[in-house]
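All values below were derived from every heavy atom in this structure, side-chain atoms included, with hydrogens, water molecules and symmetry-related copies excluded. In this text the structure is predicted, and so the values were computed from the model without any measurement.
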Amino acid sequence: MPVNLTPNAIAMINGGDVNLKPLVQVLDIKQMGSAQERFRLLVSDSVLTQHAMLGTQLNDRVKTGLVKKGSVIQLIDYICSQVQQRKIIVVLNLETIIPDCEIIGNPKMVSDAPAQKALPNTDSMQSSTVDYNNPSSQSHGSNMHSIRPALSSQNHGGNMQSFRPTSSTQNQGSKMRSFQPALGAQNYGNDVQSFRPTVQPPYQPPPSYRNHGAVMKNEAPARIIPINALNPYQGRWAIKARITAKGDLRRYNNARGDGKVFSFDLLDSDGGEIRVTCFNAVVDRFYDVVEVGKVYLISKGSLKPAQKNFNHLKNDWEIFLEATSTVDLCPEEDGSIPQQQFSFKPISEIEIAENNSIFDVIGVVISVNPSVPILRKNGMETQRRILNLKDGSGWTVELTLWGDFCNKEGQKLQEMVDSGFFPILAVKAGKVSDFNGKSLGTISSTQLFINPDIPEAHAAKDWFDRGGRDVASMSISKDIVQGGPKNEVRKTVSQVKLEGLGRSDKPDWATVRASVSFIKTDTFCYTACPLMIGDRQCNKKVTRSGNSRWQCDRCNQEFDDCDYRYLLQVQIQDHTGLTWATAFQESGEEILGYPAKELYLLKYESNDDTRFADIIRSRLFHQYLFKLKIKEEMYGDERRVKITIFKADKVSYSSESRYMLDLISKVRTY
């Protein structure tokens with residue numbers, strides 16, 4: 001069965017025709033690049049061949065075998081760009097017509113073939129169903145006339161004539177004939193002829209820019225293409241997309257001087273996302289122009305590899321706008337472009353996520369802490385607010401809001417929770433941190449959506465209202481403590497000793513499920529200084545002065561009242577052994593269940609030793625999850641390992657059961 005490739009397709013594509021939608025054949029496929037997988041094709045119209053690059057969105061066509069050597073394909077969307085002084089076809093969309101076919105014709109590379117003028121694809125042009133495997137198409141008649149687009153013809157009859165039509169060819173009499181031989185046909189008689197009338201193509205005026213002389217580079221208007229089809233091989237492009245996030249204006253200083261930069265994220269109707277970055281003078285042009293949620297037409301930017309340390313979008317490229325770039329607002333709303341695109345993952349997956357990875361999560365806000373000022377390393381003050389999210393995976397996670405998030409969304413969330421309402425919060429682009437367990441934090445490109453009208457939000461609210469509120473859950477985050485654990489691991493008491501934890505330069509951290517088997521009561525707390533030094537309390541030990549007032553040697557001040565803080569020495573025990581540990585104020589109160597001042601007054605002011613002893617005994621042999629800091633310290637001339645309890649959580653048996661079942665499943669896999 002003959003295969004009809006589009007005649008003169010390569011020449012017409014090189015001439016700038018982007019609406020031809022030609023049929024071409026794939027002669028070769030080669031994988032290019034290592035950082036980004038791309039495929040280069042060698043395509044043919046049976047006469048000429050040309051290199052073409054597949055858009056990355058079409059890589060699966062090659063991997064699944066839909067496009068391979070010999071395939072006949074139709075180019076739906078494409079452009080022809082000049083790269084390193086040679087032209088290359090960039091294929092944005094295609095259809096496979098015949099998956100496997102023998103090579104058609106004897107094509108040559110464009111650079112190797114004689115110059116060939118692009119012919120209009122009309123009915124007057126001969127179809128490429130001629131036998132290209134026999135390019136001479138031998139004819140043995142004396143009166144046969146042949147018009148064919150071959151580059152050369154051989155005459156085997158005394159009166160045989162060969163014509164090569166041009167765009168100005170006209171039918172000037174009955175003697176002019178147009179002949180199309182069948183595939184592989186040979187004519188042996190003088191009277192065997194096949195004719196087709198030549199049709200003059202209708203006159204079409206050329207584009208207006210051709211009336212001004214030679215066509216200049218990039219003079220034609222850019223075509224709108226999908227974001228996923230963008231690549232550096234394109235000379236001209238335009239994208240239509242919605243701005244989903246806009247970063248803050250940042251200033252920097254480096255060896256080249258001072259500068260400023262900001263970026264914004266784009267989303268198009270095909271789900272493609274890409275980041276756009278502007279520097280210095282370009283910032284002045286576009287920072288006040290672009291608004292989140294609006295649709296823009298953007299063109300004339302340069303593409304560079306995305307810096308994955310700062311860019312979380314699923315795109316290998318990033319757009320840098322320049323002085324010639326254009327950003328035009330689309331006045332009419334485009335409903336085909338979504339307002340936002342999420343990639344939600346359950347909170348439980350954050351525990352195994354890498355540090356600094358980017359997550360989209362959605363959950364119920366179950367608690368919100370007040371906003372507090374924090375001093376950054378650069379000396380600037382910012383705000384921090386911590387809230388807790390819970391979802392149907394059975395886990396909760398801390399979300400740390402920084403800067404403006406604290407006073408905008410954070411304040412609104414706190415008011416809602418304080419009023420007894422538990423809102424749904426969708427987090428777009430939260431950053432994973434492994435400080436004190438795993439948690440999420442906001443960055444400049446993070447977006448928070450309170451009670452969004454999306455299916456995932458409705459499902460989370462329905463789960464919470466139907467009983468999820470009362471479901472016990474385990475937190476993958478820990479209270480933020482200066483110098484806290486970076487990677488928490490479960491250990492037994494015997495493992496803490498046998499593995500020599502705490503003997504390195506830095507402290508070790510471990511979580512131990514154990515019970516309190518003994519509490520020293522002779523020095524269970526101390527009197528502490530209540531004065532504030534900056535934003536922190538002094539907490540140094542104070543003593544009675546001669547006038548019955550409390551005196552702090554550090555602050556060199558006296559005062560009527562003091563604070564009482566725990567300094568517990570406890571023995572913790574599990575099924576493998578026991579060890580001594582120290583519990584300070586917060587963890588001491590979690591263990592004993594009373595404020596230190598109340599027990600101090602009971603023991604030393606009321607002298608109610610019986611009541612005091614009953615309270616101590618009632619706190620023994622309760623199981624806790626102890627968060628331990630283990631560090632070797634010097635005591636005189638002796639080095640000892642000191643274990644400090646930073647957190648003592650009561651064991652949640654449902655959560656602990658899930659943890660043990662997970663351990664069992666892991667053992668089975670091995």
Side-chain angles (χ1 to χ4, degrees), residues 244-253 260-265 287 291-292 310 312 347 350 355-390 396-452 475-486 531-539 586 646-647:
T244 57
K246 178 181 176 182
D248 297 328
L249 178 61
R250 295 181 289 111
R251 300 186 182 273
Y252 62 89
N253 180 275
K260 51 188 175 181
V261 60
F262 91 102
S263 61
F264 54 93
D265 297 341
Y287 184 76
E291 297 182 32
V292 174
F310 310 101
H312 64 276
I347 291 176
I350 299 177
N355 188 36
N356 296 327
S357 58
I358 302 299
F359 259 64
D360 293 355
V361 298
I362 188 169
V364 184
V365 180
I366 57 175
S367 67
V368 182
N369 294 342
S371 180
V372 295
I374 295 294
L375 194 65
R376 290 179 172 175
K377 294 181 180 180
N378 59 6
M380 301 294 291
E381 185 179 274
T382 187
Q383 295 291 316
R384 184 189 72 189
R385 185 192 294 269
I386 298 175
L387 55 87
N388 281 275
L389 284 178
K390 179 180 182 180
T396 62
V397 65
E398 282 184 356
L399 173 64
T400 303
L401 308 184
W402 295 96
D404 292 339
F405 287 110
C406 297
N407 299 325
K408 293 179 182 178
E409 293 88 350
Q411 183 63 34
K412 183 177 180 180
L413 289 169
Q414 184 172 14
E415 293 172 356
M416 297 173 76
V417 173
D418 290 346
S419 63
F421 182 73
F422 298 96
I424 306 298
L425 181 65
V427 182
K428 172 73 174 178
K431 186 177 181 180
V432 176
S433 171
D434 62 2
F435 181 78
N436 276 336
K438 290 294 179 67
S439 62
L440 283 179
T442 60
I443 54 179
S444 59
S445 58
T446 299
Q447 290 181 280
L448 304 179
F449 300 89
I450 302 175
N451 292 325
S475 175
I476 64 175
S477 307
K478 310 297 176 288
D479 288 347
I480 295 180
V481 181
Q482 186 66 29
K486 290 189 175 181
L531 298 182
M532 299 296 295
I533 301 177
D535 59 346
R536 302 183 66 181
Q537 189 171 327
C538 174
N539 286 335
E586 290 78 11
F646 266 88
K647 188 73 174 173

(Q) Determine whether Leu440 and Lys431 satisfy the following criterion, side chain to side chain contact (heavy atoms under 4.5 Å, CB included), listing intermediate values before the conclusion. (A) CA-CA 5 Å; Leu440 283 179; Lys431 186 177 181 180; over 6 Å; no
**Q.** Stepwise side chain to side chain contact (heavy atoms under 4.5 Å, CB included) test for Glu398 and Ile476
**A.** CA-CA 8 Å; Glu398 282 184 356; Ile476 64 175; over 6 Å; no
Q. Leu387 and Leu413: side chain to side chain contact (heavy atoms under 4.5 Å, CB included), yes or no, with the steps?
A. CA-CA 9 Å; Leu387 55 87; Leu413 289 169; 3.6 Å; yes
Q: Show your reasoning for whether side chain to side chain contact (heavy atoms under 4.5 Å, CB included) applies to Ile350 and Val361.
A: CA-CA 9 Å; Ile350 299 177; Val361 298; 3.9 Å; yes
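Rounded to the nearest 0.5 Å, atoms CZ (Arg384) and SG (Cys406) are 9.0 Å apart. Put simply, CG on Leu399 and CG on Leu425 are 6.5 Å apart, with the number rounded to the nearest 0.5 Å. Between the OG1 atom in Thr396 and the CG atom in Leu389 there is a gap of 9.0 Å [rounded to 0.5 Å]. Here Lys428 contributes atom NZ and Phe359 contributes atom CZ; the two are 13.0 Å apart, rounded to the nearest 0.5 Å.
The shortest heavy-atom contact between Asp404 and Glu409 is O-OE1, 4.5 Å. Among all heavy-atom pairs drawn from Ser439 and Val397, the shortest one is CA-CG2, 3.9 Å. Val365 and Phe422 make their closest contact through O-CD2, 3.3 Å (heavy atoms, listed as atom of the first residue, atom of the second, distance).
In this structure, the side chain of Asn388 does not engage the main chain of Ile366 through any donor-acceptor pair within 3.5 Å. The backbone N or O of Ala429 sits less than 3.5 Å from a side-chain atom of Thr446, completing a donor-acceptor pair. Between the side chain of Thr442 and the backbone N or O of Trp402, at least one donor-acceptor pair lies under 3.5 Å. Side chain of Arg385 to main chain of Asn369: a donor-acceptor pair is present (N/O by atom type, distance under 3.5 Å, no hydrogens or angles).
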Below 3.5 Å, can you tabulate the donor-acceptor pairs from side chains in residues 244-253 to any protein atom, sequence neighbours excluded?
unit_1: Lys246; atom_1: NZ; unit_2: Tyr287; atom_2: O; d: 2.5
unit_1: Lys246; atom_1: NZ; unit_2: Val290; atom_2: O; d: 3.2
unit_1: Asn253; atom_1: ND2; unit_2: Asp258; atom_2: OD1; d: 2.2

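Lys390 pairs by the salt bridge (Lys or Arg N to Asp or Glu O under 4.0 Å) definition with nothing, not counting sequence neighbours. Remark: Glu586 engages no residue in a salt bridge (Lys or Arg N to Asp or Glu O under 4.0 Å) (not counting sequence neighbours).
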